[in-house]
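Chain identifiers are assigned alphabetically (A, B, ...) following the order of the sequence lines, protein sequences preceding nucleic acid strands; residue numbering begins at 1 within each chain. It should be emphasised that the depicted structure is a prediction, and the values quoted were computed from it without experimental measurement.
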There are 2 protein chains.
Amino acid sequence: MRTMAVIGTGLIGTSVALAVSRRGVTVFLSDRDPAAARTAAALGAGLARTPAAPVDLAVLAVPPSQVGAVLAEAQERRLATCYTDVASVKAEPERAALSRAPDPDRYVGGHPLAGRERSGPLAARADLFQGRNWVLTPSPLTSDETFDRALELVALCGAVPVVMRSQDHDAAVAVTSHVPHLMASLMAARLREGPADLSRLAGQGLRDATRIAGGDSRLWGDILQANAPAIAGVLKDLHMDLSRLVPALDALATSGGQERDLGMRTLVDLLDRGISGLAEIPDARSRTSPEDPRVRVAVPGRPGELARLLAAVADLGVAADDARVEEVGPVEGAGSVVEARSKDTRGEGGADGPWFAVRFTVPPRTADRLVAVLSAGGWDVVRDATVAAVPSGRRPA
Amino acid sequence: MRTMAVIGTGLIGTSVALAVSRRGVTVFLSDRDPAAARTAAALGAGLARTPAAPVDLAVLAVPPSQVGAVLAEAQERRLATCYTDVASVKAEPERAALSRAPDPDRYVGGHPLAGRERSGPLAARADLFQGRNWVLTPSPLTSDETFDRALELVALCGAVPVVMRSQDHDAAVAVTSHVPHLMASLMAARLREGPADLSRLAGQGLRDATRIAGGDSRLWGDILQANAPAIAGVLKDLHMDLSRLVPALDALATSGGQERDLGMRTLVDLLDRGISGLAEIPDARSRTSPEDPRVRVAVPGRPGELARLLAAVADLGVAADDARVEEVGPVEGAGSVVEARSKDTRGEGGADGPWFAVRFTVPPRTADRLVAVLSAGGWDVVRDATVAAVPSGRRPA
């Protein structure tokens, strides 16, 4: 791929152009606001003019409702040999492409899973898509050549291709993106009607929970409209959950006895369902699986020793708060267990109190690193062995 | 303050103990789980034993529903001369203190606005409260000495004291903390029922929006129960908002014409209300006020120049995406305007195209830094002056 066109030099379009320009592709930029295209060009994203011959791939970085019309217009003037878009809704643009575009076989839908709260070319970054998923939704008509060009675009941007049907994509983003955006907006809207001192009680949790509400309201209106059926379905489920939650809180506020107990059970059940739902989000810190190896490290109860271990572990990028401290107890029989103990302090724990066994449940790769670095750092590590019970003040040979 | 007791060595209690221990205070640690207190001691948070004489201040780091009973018990055995707590709900503990504690004048409610998703002593950090607000809610009975000790605790932890009535605190945290937690739980719970490919579409936005749902469900059940009346009120408002939103999405999904337009208006109106609500959150990136100074920098339209300015500005910690690019137009008359232009490139812009005027709306302190560093870095900065119109290719003398 040697030449590309980007139509729409907002955040996503300019970021795509910056990324592929750095890889040697010549990019032609356009936007219905010519100043935005010139701004992108001034950032080094490409040339703010029309190509003389059809380019290898045109990327339509326009709102979902405009993909169909912009695609038809671009194909009519033979802007490119292949086309993709980056809209965050996929079924409606695909439908429009199939019904309106002169060459629907030369179009494949795309959605890079990256964004920022800010919009416009100045927010763009060449590395915006690095390591992110980029969904491609080929239609039954999409040609192999078109699909390959889109895969090359994804690779040039450093992203990971994920192939899905457009309808499946839309059902998923309703839950993962669109409804969370609406909920964040609903919560942020409540802040205006709260008590006066409210802003002094706003912490990082609120900031995180409402951040996505900050996007451009017209663009988001367009996105949400294009996926309205799927969103409406999820919203109705949420509305029903909330209809159960309100009386539960009412019961906790005003009732006693059995009604109150019932309210508490409804509440804690919801909280637990939420916690288990978090496991669906990859890389969320709460995610550990029962199959993950457990790394167990014995530490004497002397002040400073535990802090020393946690510091070493933090340097490895292992979250100390995934650990549990327990006094060393009965034999640990199940699973993959690693034992490490400090050479310097072996056998001396008894002078100051009981030993601790600190347990980390970590992904396999992290476990390997943990063992390797603890070994190198003077800790005595035994891998895949069961840890024998260690009475206070004595260590096994 | 020379001696302190911390009852409850979870995340918050242990963090308090670590912070004040570093400032030379002797801290006595206890927990209903003795292993947790020993763990905190092993981290250097203090001594896991009972003090021989009453300490200067006892910090009750227990769930809201237990503050009253733990306070009464501690005062009966003369653990300390003054008492405070760190529960995130304040009216119910105050009511319990006034009705049950032997010396209610020796208690003042407190709530440090800091936390992590993880709980337990191993998640504790000495700097957890650094720069954070710490609410104190003196009751009509609270003695000056008790209030002063609590203020000293806040200072030792590096936090900022905020004094409020307990009821006002609870009304505010219902909006800023408790309802966002419940909404995050509701959304995270939906993830379990979504389509199979859902996890591949989960991005940073969803991660942020649901992170707070990860807390301990029993502790959060206790917190939410203790503030149930205020939370129920906010939930009802949210439920009503959602009751309007669902038919709007339904109209967008199925209707045409006027009904659809009405649905779109409801939707965009909600999104705009959310955006304006974000302004209530301090330090949120979206927050700029009309009174904030505007800093305007002129840049020639040559590729690379704009990128150079944005790089310089990014080094200052100024978000480049707060900028707007415009071709330099009519005289800028209103507000506090700062003009800067590059000495190296002055007068040469015309060779390659029009000049850009990049505008940043920044807090006053950032504006000062921006002007100072741009001046030092070779940019010609004019402060508080109006920027004259600059036709393409020419610069004013």
Choice from B:D168, B:L245, B:V135 maximising heavy atom contacts with chain A below 4.5 Å: B:L245
- line: For B:A213 and A:I275 the tightest heavy-atom approach is O-CG1, 3.3 Å
query: chain B heavy atoms under 4.5 Å from A:H169: which part of the residue, side chain, backbone, both or neither?
result: both
- prompt: Which one, B:V179, B:L235, B:I231, leads in non-hydrogen pairs under 4.5 Å with chain A?
  reply: B:L235
task: Please look at B:D237 and chain A and tell me whether the side chain, the backbone, both or neither of the residue comes under 4.5 angstrom of a heavy atom of that chain.
output: both
message: Using heavy-atom distances under 4.5 Å, tell me whether B:T254 contacts chain A through its side chain, its backbone, both, or neither.
response: neither
- request: Could I get the full list of side-chain hydrogen bond (donor to acceptor under 3.5 Å, both in side chains) partners for B:R273, not counting sequence neighbours?
  value: none
- request: Kindly give the heavy-atom pair with the smallest separation between A:V268 and B:G221, and that separation in Å.
  value: CG2-CA, 4.3 Å
- request: Decide yes or no for A:D208 and B:R207: does some side-chain heavy atom of the first lie under 4.5 Å from some side-chain heavy atom of the second?
  value: no
task: State, to 0.1 Å, how close A:L242 and B:L238 come at their nearest heavy-atom pair, and which atoms those are.
output: CD2-C, 4.4 Å
Spacing of B:H178 atom NE2 and A:L249 atom CG [to the nearest 0.5 Å]: 11.0 Å
Contact origin within B:A171 toward chain A - heavy atom pairs under 4.5 Å: both
query: Taking all atoms of both residues into account, what is the closest heavy-atom pair of B:A188 and A:L278, and its distance?
result: CB-CD2, 4.0 Å
Toward chain A, the part of B:N227 with a non-hydrogen atom under 4.5 Å: neither
statement: Bottom line for B:L267: the part with an atom under 4.5 Å from chain A's heavy atoms is side chain
query: Does A:L186 offer a backbone N or O that forms a donor-acceptor pair with the side chain of B:D241 under 3.5 Å?
result: no
statement: Sequence neighbours excluded, the answer for side-chain hydrogen bond (donor to acceptor under 3.5 Å, both in side chains) partners of A:D250 is B:K236
query: Which atoms of B:S276 come close to chain A, meaning under 4.5 Å heavy atom to heavy atom: side chain ones, backbone ones, both, or neither?
result: both
field: Intermediate values then yes/no, side chain to side chain contact (heavy atoms under 4.5 Å, CB included), A:L271 and B:L182
entry: CA-CA 7 Å; A:L271 295 171; B:L182 284 170; 4.3 Å; yes
query: Between atom CZ of B:R211 and atom CD of A:Q204, what is the distance when rounded to the nearest 0.5 Å?
result: 8.0 Å
query: Is it the backbone or the side chain of B:L198 that comes under 4.5 Å from a heavy atom of chain A, or both, or neither?
result: both
- request: Under the side chain to side chain contact (heavy atoms under 4.5 Å, CB included) rule, what do A:V175 and B:L201 come out as? Steps first, then yes or no, please.
  value: CA-CA 9 Å; A:V175 182; B:L201 292 163; over 6 Å; no
- prompt: Got a second to check how far B:M183's CE is from A:T210's OG1, nearest 0.5 Å?
  reply: 14.0 Å
